[in-house]
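Take a look at the structure below.
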Amino acid sequence: IADRNQSKAMNSSKISQLLILLLFFSGSLNAQSTVNRLSDARLNAILKSEKKFSIDVLGSGNIQSSFDDGKDIPASTGVGVHLTKYFSRDSLDANGNPVKDGNDIYQVNAPFNLLGLKFYKIELDANINIASTVDTLSANFNKGNLQNQREFGSAILRPIISGQAVEISLTGYFQNTYLGILSGVHFEYISSNRNWLLMDSLQAANRQASTTMLRAGLFHDFIPAESRDDYAVTMGLAFGYNSISGDIALDNTNSINLRDKILGTDQTYFFATELSLGFRLHNLKADFAYSWIPSDTDISGFTGSRFVTRITFVGGFGLDMGKGR
């Protein structure tokens with residue numbers, strides 16, 4: 001009990017430090033709000049100079065496991081696409097006629113409007129795993145005690161892109177920052193199928209488990225709009241949802257007992273709050289997230305306060321859609 005109270009105190013201290021850091025950044029961003037506020041002239045220059053629509057077909061791999069466990073970096077773990085779409089149209093006056101500037105150039109604006117929010121750009125990343133040998137997670141018991149619950153908890157917190165898996169990330173950039181700090185919205189969805197294998201002195205069971213992670217939130221990008229195609233430094237705050245489905249989540253005695261034996265609970269869904277910081281340099285991406293997942297049951301590697309890092313590299317070939325398409 002003393003160790004648990006000490007752990008909770010340490011988590012509270014970390015949370016307080018992060019909140020102070022977030023407030024510091026918020027103040028700094030308010031002072032720099034004009035940097036990322038797109039004037040009509042800047043928006044016109046960006047939309048006139050960029051391709052309105054582009055797709056990259058790519059192979060991708062999460063190389064974090066090579067840092068954590070010393071495993072070989074996979075040559076290819078999946079196939080996917082990176083899509084960038086700019087929204088632009090001619091600005092119109094009260095009579096519906098195109099507006100020109102002093103240089104006789106038609107002005108453009110960002111027309112995509114959702115719930116009163118104007119977006120000038122969206123980015124979609126989608127990856128489907130097609131080849132992996134890591135498709136079974138085994139429960140290791142020693143004298144009746146589960147030794148590797150952390151592996152199962154981590155697989156729920158951020159599903160591993162292996163076996164049958166999909167990862168989708170959607171980012172929308174506002175035409176102008178809101179409240180001086182909000183650059184856009186971000187959604188992330190990851191789902192993975194794996195087999196959960198339990199073997200102890202009392203039973204042997206193998207169940208298919210689908211773990212899902214969903215994050216939806218707002219972010220600020222420190223990089224000016226003109227350079228966001230190749231670089232990004234973002235800080236975000238998101239609402240999270242994690243769940244377990246498939247055979248392991250069936251409402252029968254065997255599945256319930258298996259969940260309780262591995263996780264210590266038969267609960268199949270959890271809610272979270274997450275603070276994140278991400279970096280992108282061309283095709284190299286790195287991000288970390290600090291998640292708070294409340295639960296009546298402590299699940300090692302999952303519930304409580306969790307710090308997650310990830311490094312990914314994507315590379316492929318672009319499909320030339322033609323400028324302005």
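Each residue takes its place number in the sequence, starting with 1.
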Taking it one step at a time, do Y189 and S191 satisfy side-chain contact (heavy atoms from CB on, under 4.5 Å)?
CA-CA 7 Å; Y189 171 85; S191 186; 3.3 Å; yes

Report the residues that fulfil ring-ring contact (aromatic ring centres under 6.0 Å, His included) with [X], sequence neighbours left out, ordered by chain and then residue number.
X: F270; result: F302
X: Y231; result: H282
X: F279; result: none

Counting N and O atoms only, with roles assigned by atom type, does the side chain of [X] sit under 3.5 Å from a partner on the main chain of [Y], one being a donor and the other an acceptor?
X: R280; Y: R228; answer: yes
X: S183; Y: H220; answer: no
X: S227; Y: I223; answer: no
X: N257; Y: T253; answer: yes

Check salt bridge (Lys or Arg N to Asp or Glu O under 4.0 Å) between [X] and all other residues, then give those that pass, not counting sequence neighbours.
X: D247; answer: none
X: E188; answer: R158, R310
X: R306; answer: none

Is there a path of hydrophobic side-chain contacts, each under 4.5 Å between heavy atoms of I/L/V/M/F/W/Y residues, joining [Y] to [X]?
X: W196; Y: I256; result: no
X: I248; Y: L250; result: no
X: L275; Y: L277; result: yes

What is the minimum heavy-atom distance between [X] and [Y], and which atoms define it?
X: H186; Y: S169; answer: CE1-OG, 2.9 Å
X: S245; Y: A249; answer: CA-CB, 3.6 Å
X: A155; Y: T211; answer: O-OG1, 3.5 Å
X: L157; Y: G301; answer: CD2-O, 3.9 Å
X: T297; Y: G264; answer: CG2-O, 3.5 Å
X: R259; Y: T268; answer: NE-CG2, 3.7 Å

Any chance you could lay out the side-chain contact (heavy atoms from CB on, under 4.5 Å) test for E167 and D125, step after step, and finish with the verdict?
CA-CA 8 Å; E167 181 177 18; D125 290 282; over 6 Å; no

Say whether N129 and Q164, considering side chains only, have a donor N or O and an acceptor N or O under 3.5 Å apart.
no

Looking only at side-chain N and O atoms, does E274 offer a donor or acceptor that is under 3.5 Å from a partner on S291?
yes

Can you find a heavy atom in the side chain of [X] that is under 4.5 Å from one in the side chain of [Y]?
X: T234; Y: F222; result: no
X: S138; Y: T136; result: yes
X: I299; Y: Q149; result: yes
X: N206; Y: N195; result: yes
X: K261; Y: F141; result: yes
X: L146; Y: N140; result: no
X: S276; Y: M235; result: no
X: R215; Y: N242; result: yes

Kindly check if the number of other-residue, nucleotide or ligand heavy atoms within 6.0 Å of [atom1] ([X]) is above 12?
X: N252; atom1: CG; answer: yes
X: D251; atom1: CG; answer: no
X: Y241; atom1: OH; answer: yes

Roughly how far, to the nearest 0.5 Å, is the [atom2] atom of [Y] from the [atom1] atom of [X]?
X: L117; Y: L182; atom1: CG; atom2: CG; result: 9.5 Å
X: I156; Y: S192; atom1: CD1; atom2: OG; result: 11.5 Å
X: I168; Y: I190; atom1: CD1; atom2: CD1; result: 10.5 Å
X: S210; Y: N193; atom1: OG; atom2: CG; result: 3.5 Å
X: D287; Y: I311; atom1: CG; atom2: CD1; result: 9.0 Å
X: L214; Y: F271; atom1: CG; atom2: CZ; result: 10.5 Å

Please determine whether side-chain contact (heavy atoms from CB on, under 4.5 Å) holds for the pair T84 and K121, giving the CA-CA distance in whole Å, both sets of side-chain angles, and the decisive distance to 0.1 Å.
CA-CA 7 Å; T84 301; K121 173 187 176 182; 3.9 Å; yes

Checking F174 against V185 for the side-chain contact (heavy atoms from CB on, under 4.5 Å) test, could you report, in this order, the C-alpha distance in whole Å, the side-chain angles of both residues, the deciding distance, and whether it holds?
CA-CA 8 Å; F174 298 141; V185 295; 3.8 Å; yes

Looking at F119 versus Y173, is the centre-to-centre ring distance below 6.0 Å?
no

